[in-house]
Amino acid sequence: MNTTVTQDMSFLHLITSASLPVQLVMLILIMISFLSWWHIFRKLFVVRSEINKTDEFEDIFWRGADLNSLYQRATSSRYESGSLERIFAAGFGEFNKHPAGTDTEAVMESTRRAMRATYQREMDRLESHLSFLATVGSVSPYVGLLGTVWGIMNSFRSLSSVAQATIAHVAPGIAEALIATAMGLFAAIPAVVAYNRYATATDRLATRFESFMEELSNVLQRRSIR
Amino acid sequence: MSINVLHFHSYSEPKKFLSGALALLMHIMFIAMMVFGLSWKNQPPEGMIVDLWSELPKPVQEPVTSREPSKAIPPSEPLKPKPIEPPKPEVPIKPESSKQTTSPKEITPPIKKPDIELKQKPEPIKEIKPNLEDLKKKEIEERLKKIEAQKKEQEQKQELEKKQALEKQKEIEKQKELAAQKQKEQEAKARRDAEARHAAAQQVAARNQIAGEIAKYKAMILAKIRSRIVMPPDLPGNPVVEFKVTLLPGGDILDVKLSKSSGYSAFDSAVERAIFLSKPLPLPPDPALFNEFRNLNITVHYRE
């Protein structure tokens, strides 16, 4: 009963006094959390710039700009093109490679293939690291829980040697252990939110790309027949 | 050319390092929030003394009755060491002796006064004698002179005697006064002693009553605790466990400390649990007696 009421329950003290497995779990979680936040910010910038560039290119394209000048702009190294521009460049470049008088069907087929390949590459780039965010969102609570379970296990084991069990004996251990869960949740919650946001954004971009591909192939087909 | 077109643009990642810095900033903010904003230092409860009174009017009414015995107790203690009985024999003896001494003195003055009167009577007889015998005038004159001288001497003697008598009377009166004073003092002393004895007796009775009350409530506390103990079965011998229990007014338990373990932790913890279960402990309604219960030593035997 004569346990001291005052226990140093500061955050840092709790972390440093935790057992080694719990500390390991905490370290892993901090790294995971850092990586996931890094990817969240990277994806944020990538997706935002992609949406802006797509809007910009669609605007220019449908205003009736010259396809050759658009191609020149897209392929110039000084200009940083967007995904949609690259798809257009791949398709238009493939279309122009065929000499005049070749079978329209064959030309359109190869053009569509080239656009699809670029589209898939672009989608892969946009969707990269999204799976990492999904993994972090689903796994890091469990990792944190593992640390918590381990910490609570230890604190209860140490309790068995004490004749008079009080909450004061268990509380510091549980508090230490619960920090692991807190860290896991801290990593998981933003990761899940970001994953959902970016997945939706890339899906919408993908539908825009696909519809643009169909529309471009129509435009090129009309051009080849003429 | 086609390869050139496809891979013309390297996938340049925009703001790669900025996002890294932002992630770092995010974590620094989070940790700072945890460390400073959410300081988990639980401070010791200083000055958290709360008196829980089951009824409010009690402390107002009862101290009046309770303080009387409590006030009566302290004077009794200094009085007690004084031997109460020794003054008793002195009291009856002294007044008697003083009365005996004073009574003879009172008798003596009336005896002496008649002596003076008798001596005064011969004077007229001697005066008549010279009138009857004119012949022997000289002799008579001489005699008269002698008689006068004698008279004078007698008068002087009488005056002296009177003075002495007066002085004696004064002395006697003084003695009487002294005796009376002594008597008064002795009587007062006797009265005081008697009062003291009476008060002491009353205090003893009150203390006996208080002690009885305390014993009664201590027995009640023990009984209540005993009734709540779930005894661990089959302990060898008769282990004894001692607890120091700190109570709050109203019977709540502030602290229970194991002062002497029985050696069987199951028994110790059973008794401790029982002590906590039996709160509020029964306390006498008189708050003045609470000091007797503030720190209780509770001893529990495994077998009664």
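Protein chains get the first letters and strands the later ones, always in sequence-line order, with residue 1 at the start of each. Bear in mind the structure is a predicted one, so any value in this text is a computation, not a measurement.
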task = Side chain from CB out, backbone as N, CA, C, O: work out which of these in A:Ser49 comes under 4.5 Å of a heavy atom of chain B, or both, or neither.
result = side chain
Under 3.5 Å, side-chain donor or acceptor atoms of residues 181-193 of chain A against the rest of the protein: list the pairs with distances, not counting sequence neighbours.
unit_1	atom_1	unit_2	atom_2	d
A:Thr181	OG1	A:Thr148	OG1	2.2

task = First locate atom NZ of B:Lys16, then atom CH2 of A:Trp38, and finally report the distance between them rounded to the nearest 0.5 Å.
result = 5.5 Å
key: Other residues, nucleotides, ligands: >12 heavy atoms within 6.0 Å of B:Arg228 CZ   = yes
ask   = Does the side chain of A:Phe41 come within less than 4.5 Å of B:Leu25's, by heavy atoms?
value = no
Within 6.0 angstrom of A:Tyr195 OH, more than 12 heavy atoms from elsewhere = no
inquiry  = Check this for me: A:Met31, atom CE, are more than 12 non-hydrogen atoms of other residues, nucleotides or ligands nearer than 6.0 Å?
reply    = no
